[in-house]
Peer 1: 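Got a structure for you, written out below as structure tokens; questions coming shortly.
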Amino acid sequence: MTYIRPKFRHPDLKTNDLGYTKTVYEGSLSTLCAGCGHDSISAAIVQSCFELAIQPHRLAKLSGIGCSSKTPAYFLSQSHGFNSVHGRMPSVATGSNLANKELIYFGVSGDGDTASIGMGQFVHVIRRNLNMVYIVMNNGCYGLTKGQDSATADEGSKSKSGSVNMFNAIDLPSLALELGAGFVAQSFSGDKAQLIPLIKAAIKHPGFAIINVISPCVTFNNNPGSTKSYDYVREHIELTSTVDFVPFQEEITTSYEAGAEQDITLHDGSHLQLHKLESEWNPEDRMSAITALQKTKINGEILTGLIFIEPESKDLHHVLNTVDIPLNQLTAKELCPGSVALEELNAELR
Amino acid sequence: MKFFFLFKLFVLKPTDIKDPEYYHKVVDCQYACPAHTPVPEYIRLIAAQKYTEAYMVNWESNVFPGILGRTCDRPCEPACRRGRVEDEPVAICRLKRVAADNKSNVSALMPKAPFPSNSKKIALIGGGPASLTVARDLAPLGYEIHLFDDQNRAGGMMRSQIPSFRLPEHVINEEVGFILDMGIHTQFKTRVESLKDVIAKDYDAVFVGTGAPKGRDLYELPGRQEGDANIHIGIEWLASVAFEHTSAIGKKVIVLGGGNTAMDCCRTSRRLGGAEVKVVVRSPFNEMRASPWEIEDAMHEDIPILDCHVPKSFVVENGKLKGMMFEKVIAKYDDKGGRALVNAGEADVFIEADDVLIAIGQSTSFTWIERDLGLEFNKSEMPVVDAVTYQSTLPKVFFGGDAAFGPKNVITAVAQGHQAAISIDLFCSGESLKNRPSPFVNLVSQKMGIHEWSYDSMVEIDNRQSVPLVDKKLALSDRKVEVELGFDHLHGFTEAQRCLNCDVQTAFSENKCIECDACVDICPTSCITFIPNEEDESALRLKLTMPANNHDQAILISDAVPGTKRVMVKDEDVCLHCGLCAERCPTSAWDMQKFFYSVTKAGNQCQIAVK
């Protein structure tokens with residue numbers, strides 16, 4: 001009987017700038033299937049928040065319904081959480097963000113929750129450029145209802161029961177690019193070295209940041225013929241670049257050979273250092289990002305890494321020109337300035 | 001395949017888990033035990049209240065579970081993994097006592113004499129733990145064993161030097177009795193004065209287990225002769241108390257020395273009328289040789305320990321000992337770790353005493369061995385003994401226990417006794433003594449189903465239980481009242497549950513691994529890393545998620561995993577053996593497998609003949 005995780009940790013665990021060990025960012029023990037890709041993503045989220053020294057109470061994790069949407073229970077147990085209705089996480093996130101823009105909003109969704117029932121909400125949250133991280137744990141099937149093909153299952157992909165998917169897949173990164181997302185990345189649950197810097201950069205991005213993470217369903221979609229299995233994804237991964245996230249306090253010391261290196265300064269002064277492996281791709285150019293995605297798709301490969309970034313993205317609050325103080329902190333005094341102010345306003349309009 | 005790894009030509013080879021010593025080393029307690037007692041195995045039996053079975057697992061390896069459960073030097077406990085993940089090790093030694101205290105009648109489980117004879121005769125000189133171990137191993141094989149001891153009962157130093165309040169006589173009698181009941185021919189009150197005479201008789205082999213019976217003295221110290229009536233050698237004095245020749249001591253007592261004998265001397269003195277007993281030791285307190293728990297027990301009985309006091313003289317007035325003068329010193333250390341005690345620049349200290357006990361070490365005594373027998377001695381007057389076979393340069397004479405390599409402890413004597421018995425058996429069968437038997441090992445999966453293992457893998461966070469003690473007043477009033485009461489069933493269970501089951505090994509099969517990272521993510525102590533292989537182990541150790549800086553502990557390196565050709569590296573150092581890696585593994589690439597390791601005893605080495 002080992003579904004209780006021992007309390008002991010490695011005695012030499014490192015602490016972050018807040019003096020916390022990684023333990024502070026952990027959640028309860030996962031109840032997902034053993035070997036689920038989602039658990040690796042949870043671990044990457046824990047590691048990213050630990051490394052960024054985020055105060056756990058300054059982060060809100062939001063999710064919808066599905067295996068993926070269960071995961072917020074498995075990380076950051078000291079943060080805020082909202083497990084919403086199926087596919088409706090974006091509207092809860094929008095409401096929360098409008099009310100209190102000072103929290104970090106961390107949305108977790110799956111391929112069903114995003115690309116099927118939640119598609120309507122998904123496209124609009126991109127359109128509005130809500131300042132949040134949106135992670136799709138994409139396994140190409142409905143794991144919670146025994147593995148039916150989802151809307152992101154590739155055409156021709158074979159399910160565990162042997163049936164072949166007849167429909168085209170919705171490509172979430174392409175869709176996000178099309179709708180104007182300012183941060184688009186794609187990764188693989190089995191590659192934390194890539195996923196962790198991407199999550200860190202996504203948290204720092206001042207607008208909507210989506211990371212589509214291929215996360216194999218070990219129970220229903222890890223069979224030969226599936227295009228979302230561990231083996232298939234490993235065989236067909238194409239990297240845009242290697243990614244290094246450098247917090248703004250740190251001095252950049254690494255240097256790559258000229259031409260291959262690209263340094264992107266993020267909004268808060270942190271850096272993303274990319275060692276480019278795709279020569280014709282420029283992560284700051286939407287057209288080249290779309291081309292790179294399409295090209296790899298035609299070649300039957302899966303492009304992972306940072307795909308597109310617009311460092312100075314203008315989020316919803318900026319567009320709506322809201323006040324600097326979070327709305328939930330406004331009191332009756334500010335909201336109802338009184339008859340004198342009304343008189344002055346009216347006078348201006350005369 | 002688009003992962004970019006630089007493949008090196010010469011990379012580390014996967015760990016050879018077929019070598020029984022690899023997994024053996026992971027079981028820290030068992031590895032540290034000189035007799036390699038399967039500790040986790042018997043602790044699980046204690047938790048299951050199978051005390052008799054737990055006792056027999058012990059008995060097979062260490063022969064004296066009841067005695068050792070009270071008096072062992074516990075090399076296992078500092079080695080315990082628990083000490084590396086929290087503060088205190090499992091109370092292994094006192095758990096052993098739980099098995100001994102609560103066992104049912106085990107006589108039916110003991111080898112039953114008479115045994116069919118093999119017409120060989122063995123003489124054992126000295127009746128202590130080493131000789132008794134040889135007797136136990138050889139008697140069931142049909143050897144006729146003749147045991148000589150100058151006391152009237154067997155047990156050696158266990159009987160004469162360990163006070164009854166730590167080790168009651170009935171415990172010695174029972175465990176020594178199990179062996180003597182195997183038809184051992186005992187010749188007590190028989191002091192062997194000549195090895196030549198013994199050899200002249202028709203013994204096929206002779207085993208010398210005479211211990212280290214000579215206590216060191218301070219002949220040179222002024223006043224030693226004049227005060228002789230009240231100056232005693234620690235081990236001799238303890239023996240004379242044990243055999244009831246001595247029943248009182250002065251009110252003020254000085255005990256010289258910082259070892260376990262000194263602790264026994266001072267605590268015995270407290271029981272024989274010593275009201276002001278002081279231990280005076282040359283070295284600084286933290287360098288005393290006594291086990292920490294024995295020092296603690298002495299201090300609990302209101303015995304002060306004065307460190308950094310070097311004896312200068314015995315002060316005798318009118319032929320009567322008055323006390324001792326000491327020089328105060330401080331310890332100075334050089335770069336090489338050498339220590340010098342230098343005068344502290346303080347006035348000499350006088351300490352009053354009616355009696356002084358000298359417990360500053362003991363040594364072997366071989367005046368009874370003639371030097372013309374072909375049995376070589378080295379410069380320090382120790383017999384030349386092979387460290388593996390325990391054979392002397394006179395082929396039919398074997399040594400073991402303190403007599404072989406100087407004073408150590410009971411469990412070492414037992415371990416050496418086992419090895420000497422193997423040698424004697426090989427010698428008497430005309431085989432080469434180099435044909436040491438391989439250990440008996442077994443490795444078997446503990447998986448019973450989903451979330452189900454045949455061992456209790458939950459890691460308890462309870463702290464170490466302390467052993468309840470008898471009321472101090474009562475303890476000090478009678479030297480035969482045992483101070484430690486031992487764990488009751490509940491405390492025994494709680495303590496047993498603290499054991500991490502290090503013998504249940506994390507076995508990894510790379511060919512089943514799909515690299516889903518489930519084990520990496522779940523491991524509470526972050527000891528699993530998938531990483532490109534390296535040429536050099538030190539380099540690899542540094543690159544792990546948590547660098548494996550404890551080089552005393554091995555790292556388990558797998559072969560290349562099929563997917564990314566990386567290797568799995570597991571640092572054995574702080575692995576909790578909780579089994580979560582195996583629990584979360586979707587393909588059973590990880591499995592929890594119980595590793596049983598037992599040192600083969602004499603007569604069971606049939607596999608050698610096959611070779």
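Heavy atoms only: backbone and side chains are in, while hydrogens, waters and symmetry mates are out. Throughout, a chain's letter reflects where its sequence line sits, starting with A, and its residues are numbered from 1. These figures come from a predicted structure and were not determined experimentally.
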Peer 1: What distance do B:Met546 atom CE and A:Lys22 atom NZ have between them, rounded to the nearest 0.5 Å?
Peer 2: 9.0 Å
Peer 1: Counting only heavy atoms not in A:Lys158 (residues, nucleotides, ligands), do more than 12 fall under 6.0 Å from its NZ?
Peer 2: no
Peer 1: Using heavy-atom distances under 4.5 Å, tell me whether B:Ile461 contacts chain A through its side chain, its backbone, both, or neither.
Peer 2: both
Peer 1: Sort B:Cys523 into side chain, backbone, both or neither according to what part of it lies under 4.5 angstrom from a heavy atom of chain A.
Peer 2: backbone
Peer 1: Hey, what do you get for CG (A:Asp191) to CD (B:Glu515), rounding to the nearest 0.5 Å?
Peer 2: 10.5 Å
Peer 1: For B:Leu490, does the CG atom have more than 12 heavy-atom neighbours from other residues, nucleotides or ligands under 6.0 Å away?
Peer 2: yes
Peer 1: Output the distance between atom NZ (A:Lys14) and atom OG (B:Ser526), rounded to the nearest 0.5 Å.
Peer 2: 9.5 Å
Peer 1: Just wondering, more than 12 heavy atoms not from B:Phe596 lying within 6.0 Å of its CZ?
Peer 2: yes
Peer 1: For chain A, which candidate among B:Leu576, B:Asn549, B:Thr587, B:Val520 shows the most heavy-atom pairs at distances under 4.5 Å?
Peer 2: B:Leu576
Peer 1: Can you check whether B:Ile514 reaches A:Val218 side chain to side chain, under 4.5 Å on heavy atoms?
Peer 2: yes
Peer 1: Applying side-chain contact (heavy atoms from CB on, under 4.5 Å) to B:Ile522 and A:Leu29, what does each step give before you reach the verdict?
Peer 2: CA-CA 8 Å; B:Ile522 197 69; A:Leu29 194 63; 2.9 Å; yes
Peer 1: With a 4.5 angstrom heavy-atom cut-off, which part of A:Tyr230 approaches chain B: side chain, backbone, both or neither?
Peer 2: side chain
Peer 1: Heavy-atom pairs under 4.5 Å with chain B - which of A:Ser30, A:Ser40, A:Gly37, A:Cys36 has more of them than the others?
Peer 2: A:Ser40
Peer 1: Using modelled atom types only, decide if a donor and an acceptor are shared between the side chain of A:Arg9 and the backbone of B:Val85 within a distance under 3.5 Å.
Peer 2: no
Peer 1: Is the count of non-hydrogen atoms from other residues, nucleotides or ligands lying under 6.0 Å from B:Asp87 atom CG greater than 12?
Peer 2: no
Peer 1: Side chain, backbone, both or neither: which part of A:Asp12 has a heavy atom under 4.5 Å from chain B?
Peer 2: both
Peer 1: Which value, rounded to the nearest 0.5 Å, describes the distance between A:Arg5 atom CZ and B:Arg584 atom CZ?
Peer 2: 10.5 Å
Peer 1: If I take atom CD from residue A:Glu26 and atom CG from residue B:Asp521, how far apart are they, to the nearest 0.5 angstrom?
Peer 2: 10.5 Å
Peer 1: Once you round to the nearest 0.5 Å, how far does CG of B:Asp517 lie from CG of A:Leu195?
Peer 2: 10.5 Å
Peer 1: Does A:Pro11 offer a backbone N or O that forms a donor-acceptor pair with the side chain of B:Arg84 under 3.5 Å?
Peer 2: no
Peer 1: Considering non-hydrogen atoms only, spot the tightest contact between A:Ala34 and B:Pro586 and give its length.
Peer 2: O-CB, 3.2 Å
Peer 1: Show your working on side-chain contact (heavy atoms from CB on, under 4.5 Å) between B:Arg82 and A:Phe8 and close with a plain yes or no.
Peer 2: CA-CA 10 Å; B:Arg82 194 97 189 172; A:Phe8 298 123; 3.7 Å; yes
Peer 1: Got more than 12 heavy atoms from elsewhere within 6.0 Å of NZ, B:Lys447?
Peer 2: yes
